[in-house]
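Some notes on the structure that comes next.
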Protein chains: 2
Amino acid sequence: MAKMLRGATAQETHSAILDLIRSSGTVTRVDLAERSGLTGASISRVVKRLLADGLIIETGYGDPTGGKRATLLQFNPRARHAVGIAVDTPSTTYVVTDMSGRVIEQLSSRGIGKDAPATAVQRITAELEDLIVKAEIEPSTLVGVGVALAGRQGRGGTRLLRTDSEKYAWEPFAVRDTLKAAIDHPIVVENDSTCAAIGEFWAGKIPSANDFATVYLAAGFGLGLVTNGDVYRGSSSNVGEIGHMVLDVNGPMCWCGGQGCLESLAAPAAVVARAEQDTTLADKLGLRGRQTSVRADFAKIARLAAGGDTRCVGLIEESATYLAKALLSITNLLDLDQIILAGPGFSEAGDIYVRVASTELNRLSFVRAMHPTRVELSKLGPSAAALGAASLVLHSQLTPHQNARS
Amino acid sequence: MAKMLRGATAQETHSAILDLIRSSGTVTRVDLAERSGLTGASISRVVKRLLADGLIIETGYGDPTGGKRATLLQFNPRARHAVGIAVDTPSTTYVVTDMSGRVIEQLSSRGIGKDAPATAVQRITAELEDLIVKAEIEPSTLVGVGVALAGRQGRGGTRLLRTDSEKYAWEPFAVRDTLKAAIDHPIVVENDSTCAAIGEFWAGKIPSANDFATVYLAAGFGLGLVTNGDVYRGSSSNVGEIGHMVLDVNGPMCWCGGQGCLESLAAPAAVVARAEQDTTLADKLGLRGRQTSVRADFAKIARLAAGGDTRCVGLIEESATYLAKALLSITNLLDLDQIILAGPGFSEAGDIYVRVASTELNRLSFVRAMHPTRVELSKLGPSAAALGAASLVLHSQLTPHQNARS
DNA sequence: CGCACTTTAGTACACAACGTAAGGAAGCGG
DNA sequence: CCGCTTCCTTACGTTGTGTACTAAAGTGCG
């Protein structure tokens, strides 16, 4: 129980200024002075240091305004790199990115499936080491490895890895410590929804002042929250379990023990189950008679919906309507002005979800009179979680503001 | 767009240390050094200053531990005072408190009813001036006036005052500026739910590290959120509109345009409406044949429920069950570990709400395996909002950490 | 009861980071 | 070319914290 103040170390100021440059794209020293509240003299010193570290570069001169033209400053994306890994049941995705979120190198392999945590993590470690070598980046520019997990945070910082995709069983496993022992770089572990959120924040150059949420859809729904330029983690780092928000008190029983949960009404498994009821559609999709995965079946339905198939559009719209209701509740609760939809579940028919949710929010949200609530599809694509995990490392190492934890 | 850094001014450190003393009750300098991360030398200097300002006092010596006994430090509650006003439709409550949240002086008058905002605020100003004189506090110790409103925050800092309690019509009115022009003290305006939350935080000596929510029930439900020792306000200061969380997608239409909202299912008006369906009960309560207020009728039902009347217990439990579902969703979303129920709506039968919500959360919440989610009744009583408004002023003036705004 | 030891509280000085003030550098316009 | 504006840097003062040391106040054992 120590360290809580320690006033404005250089570290802190540097990271705050770097964060301003990150979110601004291109800025001048004068802009920075104005927006940070520091004087030109201080900015000069900080910028000099950031230039020396190679974290930013001078890229030209601004428009003349009657005097000396200002030097333009930009983030230097190639100064540092990070690795992001998204571990999920069906697949594991690895990316090596630079500071702008651009993918330098990537790799996909099979997911944890029903492997024991120790087995899965061991394989991941090996693949990770190979990837780092293959990416041919200067080792000193690698700031760390971020891991996005579908699991949850347990007591004492232990991550719980899911080992059985059907029954949602979690098993305590010290993911971070195990990886840390094998890889000599900082390791950051977070859930996939939070990673997706920080990925949008970083790659989308979202200013630290904005509060927004990212809905991540893989097997189920999760929500990542970024407020005041930092991840909101709650009292035990288990924020964002929206899959069991109650949308229908008289609805169907959910495995969690509740009734009418978002997940049981709108998750891929629910959509697929409804499709199976429709024999014509089920035959068309090949859902009957053979063992298939829920994710693959859902992707098929979503693809047909995106193509305009009436019946499939109906199924996806039904799912989207439930999600929209949940987002409405969340928006009223947290007064958000931006919600981003990310993850593999939205890759095929994300537009339908955006349309339905957007309409609903702007029809019913309480703050609609003050400001619109924008609903957007992630621009990061299907590897949003992996990219986000990498961004999380960059964020926590380069612009830690006041967030501890590593 | 300025001021954002300015590293560790004396102000900031002083307020952080003061906040530690506030939330600790009694501490020694050594404790403070350990918990703040500062060295004994710095604590010595800061404490000297706080003692000189009269904000804290030395109250004796700690237990011997083999050396010189430590001097005990405490908050000096009488050093500063604040006024809190809760403005609601049926009544307006004024309190003058010291820094511990103890009520020095209070006053109740009629609410805004259907008065125009200008008329209501003018009357409040006059009553406020009388109260300050009557309280006989040293003017220099009055740090400001806090106002808790049921209304909402509009564009450009204007508060919206509700002018018609039945139709939920709001009218823009610059409450703060109007009061500020009349009273020469800092004025802080917030919604009643947020005030109740900060009141619990302050009077309950809750440490800044804790995240918790307060549900405030008057005409409808509202939620105030305190995270990281400060009020969470969202993007337009309209956090906590939980009254229109969707609990039943197929439920009854709500005036807001949605279906199955918490408010339409569980608010006092809904409970009273159900009671009116029961002719025996309606007669017993005198609900029929004369013009009565929803709030008064609800209070009657709640009182009978608290007394054990089976039918009324059923009605309240029904309302509590809906609220519990909403709290379940909120807890899963925000990973809270403490929820406090406050406001006039809970004064009669709050215990029933606590029991039902507590049971539901510990049965179904996703974090229950990691930590319990405590549901508690406010200890501040029916004037929670007014007390909270006063606390908000004390908080914003004495321990502003990094929150600007005034 | 005295003396060594422990713990708390305060002081003196060095260091770090920001602000102020002044001036140099680069460009504009007459 | 020269005055003027704007950008950027350097030199120095202020503020606040840490380190090291000292004073004060108590404990406990011989």
Side-chain angles (χ1 to χ4, degrees), chain A residues 2-18 20-21 24 26-53 56-74 400-402, chain B residues 2-18 20-21 24 26-53 56-74 400-402:
Chain A
K3 200 191 323 172
M4 123 177 193
L5 278 173
R6 181 136 356 183
T9 53
Q11 183 77 345
E12 228 167 285
T13 308
H14 284 36
S15 83
I17 298 301
L18 187 60
L20 274 177
I21 299 172
S24 305
T26 302
V27 278
T28 66
R29 288 175 176 78
V30 176
D31 288 340
L32 290 175
E34 198 172 327
R35 300 214 291 198
S36 69
L38 296 182
T39 59
S42 301
I43 292 296
S44 205
R45 180 170 36 77
V46 173
V47 164
K48 186 188 284 181
R49 172 66 172 280
L50 292 173
L51 283 168
D53 289 352
I56 60 174
I57 43 179
E58 297 184 332
T59 57
Y61 299 93
D63 295 332
T65 54
K68 179 187 173 184
R69 286 158 64 187
T71 321
L72 298 179
L73 301 169
Q74 273 190 8
H401 293 213
Q402 61 243 34
Chain B
K3 199 192 322 175
M4 126 178 189
L5 277 173
R6 181 142 351 192
T9 54
Q11 184 76 345
E12 227 168 285
T13 307
H14 283 36
S15 84
I17 297 300
L18 187 61
L20 274 177
I21 300 173
S24 305
T26 301
V27 279
T28 66
R29 288 175 175 78
V30 175
D31 289 340
L32 289 175
E34 198 171 327
R35 301 213 289 197
S36 69
L38 295 183
T39 59
S42 300
I43 293 296
S44 208
R45 180 171 35 79
V46 173
V47 164
K48 187 188 282 181
R49 172 66 173 279
L50 292 173
L51 282 168
D53 289 352
I56 60 173
I57 44 179
E58 297 185 330
T59 58
Y61 298 93
D63 295 333
T65 55
K68 179 186 172 184
R69 287 158 63 187
T71 319
L72 298 179
L73 301 170
Q74 274 190 9
H401 295 211
Q402 62 243 33

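Hydrogens, waters and symmetry mates play no part in the numbers below; they use all other heavy atoms, side chains included. The sequence lines fix the lettering, A, B, ..., with proteins before strands; numbering per chain opens at 1.
Atoms CD (Glu12(A)) and C1' (dG16(D)) sit 14 Å apart, rounded to a whole Å. Atom CD of Glu58(A) and atom C1' of dT9(D) are 13 Å apart (whole Å). Atom CD1 in Ile17(A) sits roughly 14 Å away from atom P in dA17(C) (whole-Å rounding). Put simply, NE2 on His14(B) is 12 Å from C1' on dT15(D), counting in whole angstrom units. Note: CG (Leu32(A)) to P (dT6(D)) measures 19 Å, nearest angstrom.
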Enumerate all atom pairs, one protein N or O and one N or O from nucleotides 3-6 of chain C, separated by less than 3.5 Å.
none

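Ala41(A) comes within 4.0 angstrom of a base, heavy atoms only. Here Gly40(B) lies out of heavy-atom contact (under 4.0 Å) with every strand. Within the nucleic acid shown, Thr28(A) has no heavy atom closer than 4.0 Å to any nucleic acid atom.
Contacts of residues 42-51 of chain A with DNA chain C (heavy atom under 4.0 Å): Ser42(A), Arg45(A).
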Table please: side-chain donor-acceptor pairs of residues 39-52 of chain A below 3.5 Å, with sequence neighbours left out.
from	atom 1	to	atom 2	distance (Å)
Thr39(A)	OG1	Ser42(A)	OG	3.4

With a 3.5 Å cut-off and sequence neighbours excluded, list the donor-acceptor pairs that the side chains of residues 65-73 of chain A form with protein atoms.
from	atom 1	to	atom 2	distance (Å)
Arg69(A)	NE	Gly62(A)	O	3.0

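For the pair Arg29(A) and Glu34(A), the salt-bridge criterion is not met [side-chain N within less than 4.0 Å of a carboxylate O].
Across dC8(D), dG26(D), dG16(D), the shortest atom-to-atom separation from the side chain of Val30(A) is found for dC8(D). Closest contact between the side chain of Thr39(B) and the listed nucleotides dG16(D), dG26(D), dT19(D) involves dT19(D).
In this structure, the side chain of Ser15(A) engages the main chain of Glu12(A) through a donor-acceptor pair within 3.5 Å. The main-chain N or O of Val27(B) is never found under 3.5 Å from a side-chain atom of Ser24(B) such that the two would form a donor-acceptor pair.
Between atom OG1 of residue Thr13(B) and atom CG of residue Leu38(B) there is a gap of 6.5 Å, rounded to the nearest 0.5 Å.
Contact annotation: Arg69(B) side-chain N/O to dA24(D) OP1/OP2 distance is not under 4.0 Å. For the OP1/OP2 pair of dT17(D) and a distance below 4.0 Å, the side-chain nitrogens and oxygens of Thr13(B) include at least one atom meeting the criterion. Dashed line: the shortest gap from a side-chain N or O of Arg29(A) to OP1 or OP2 of dC8(D) is under 4.0 Å.
The side-chain hydrogen bond (donor to acceptor under 3.5 Å, both in side chains) check on Thr26(A) picks up Gln74(A), with sequence neighbours excluded.
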